[in-house]
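Here's the structure, in structure tokens; my notes come after.
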Amino acid sequence: MRILSAGKDSSLNVKGAYLEVWSDMLGSIGVPEGIDSDAVAASLKALPGVCDLHDLHIWAITSGVPSLSGHLVIEPNAEGDEVRQRAVKHLDESYEIEHVTLQMEKQDCRNGRDHRGLQ
């Protein structure tokens with residue numbers, strides 16, 4: 001943040017990066033105490049039909065209202081909407097996270113591979 005602040009007024013790109021980091025920092029501060037992102041990630045990966053998880057983000061726009069987004073890599077025979085509904089219910093009941101956006105993937109969008117590592 002300190003590095004970006006020095007050049008934020010001289011470059012539109014640096015200013016954009018500065019504002020993005022500022023937003024992420026504020027969002028991280030706003031996440032209610034007691035939400036362990038590692039525990040959330042592990043619990044999502046343990047749900048039936050889920051192979052992997054990536055791009056997990058947990059933040060709060062206002063105090064006491066956590067939000068979550070992420071990508072769930074699901075098994076080839078899993079029904080995406082069923083897995084999503086199960087995950088949303090789990091997040092609400094276990095962590096009181098009600099604002100959830102999840103992307104279901106049969107292949108990991110980062111590398112085009114399915115859960116077994118096949119292309």
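For clarity, every value in this text was computed on a predicted model and none was experimentally measured. The figures that follow rest on heavy atoms only: side chains count, while hydrogens, waters and symmetry mates do not.
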*For Ile58 and Ile35, run side chain to side chain contact (heavy atoms under 4.5 Å, CB included): C-alpha distance rounded to whole Å, both residues' side-chain angles, the deciding distance at 0.1 Å, then the answer.*
CA-CA 9 Å; Ile58 305 171; Ile35 296 183; 4.1 Å; yes

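- Expressed to the nearest 0.5 Å, how far CD1 of Ile74 lies from CD of Gln103 amounts to 11.0 Å.
- Scanning all heavy atoms of the two residues, the minimum distance from Lys106 to Val73 falls at O-CG1, 4.3 Å.
- Counting only heavy atoms from C-beta outward, the side chains of Val50 and Leu44 never approach each other to under 4.5 Å.
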List the atom pairs, donor and acceptor, that lie under 3.5 Å between side-chain atoms in residues 86-93 and the rest of the protein, sequence neighbours left out.
from: Arg86; atom 1: NH1; to: Pro48; atom 2: O; distance (Å): 2.8
from: His90; atom 1: ND1; to: Ser94; atom 2: OG; distance (Å): 3.3
from: His90; atom 1: NE2; to: Ser43; atom 2: OG; distance (Å): 2.9

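- Using a 4.5 Å heavy-atom cutoff, the side chains of Val100 and Ser67 are not in contact.
- With sequence neighbours left out, the salt bridge (charged side-chain N to carboxylate O under 4.0 Å, His left out) criterion links Asp81 to Arg84.
- By the ring pair (Phe, Tyr, Trp, His ring centres under 6.0 Å) test, His54 pairs with His71, sequence neighbours left out.
- In this structure the side chain of Glu105 never reaches within 4.5 angstrom of the side chain of Leu72, judged on heavy atoms.
- Atom CD of Glu96 is surrounded by 12 or fewer heavy atoms from other residues, nucleotides or ligands within 6.0 Å.
- What you find for Ala78 and Gly49 is that their closest heavy atoms are CB-O, 4.0 Å.
- At least one side-chain heavy atom of Leu56 sits less than 4.5 Å from a side-chain heavy atom of Leu68.
- For the atom pair Thr101 OG1 and His57 NE2, the distance stands at 11.5 Å (nearest 0.5 Å).
- Tyr95 contributes atom OH, which lies 10.0 Å from atom OG of Ser37 (distance to the nearest 0.5 angstrom).
- Of the inter-residue distances, the one linking Gln107 atom CD with Cys51 atom SG reads 11.5 Å to the nearest 0.5 angstrom.
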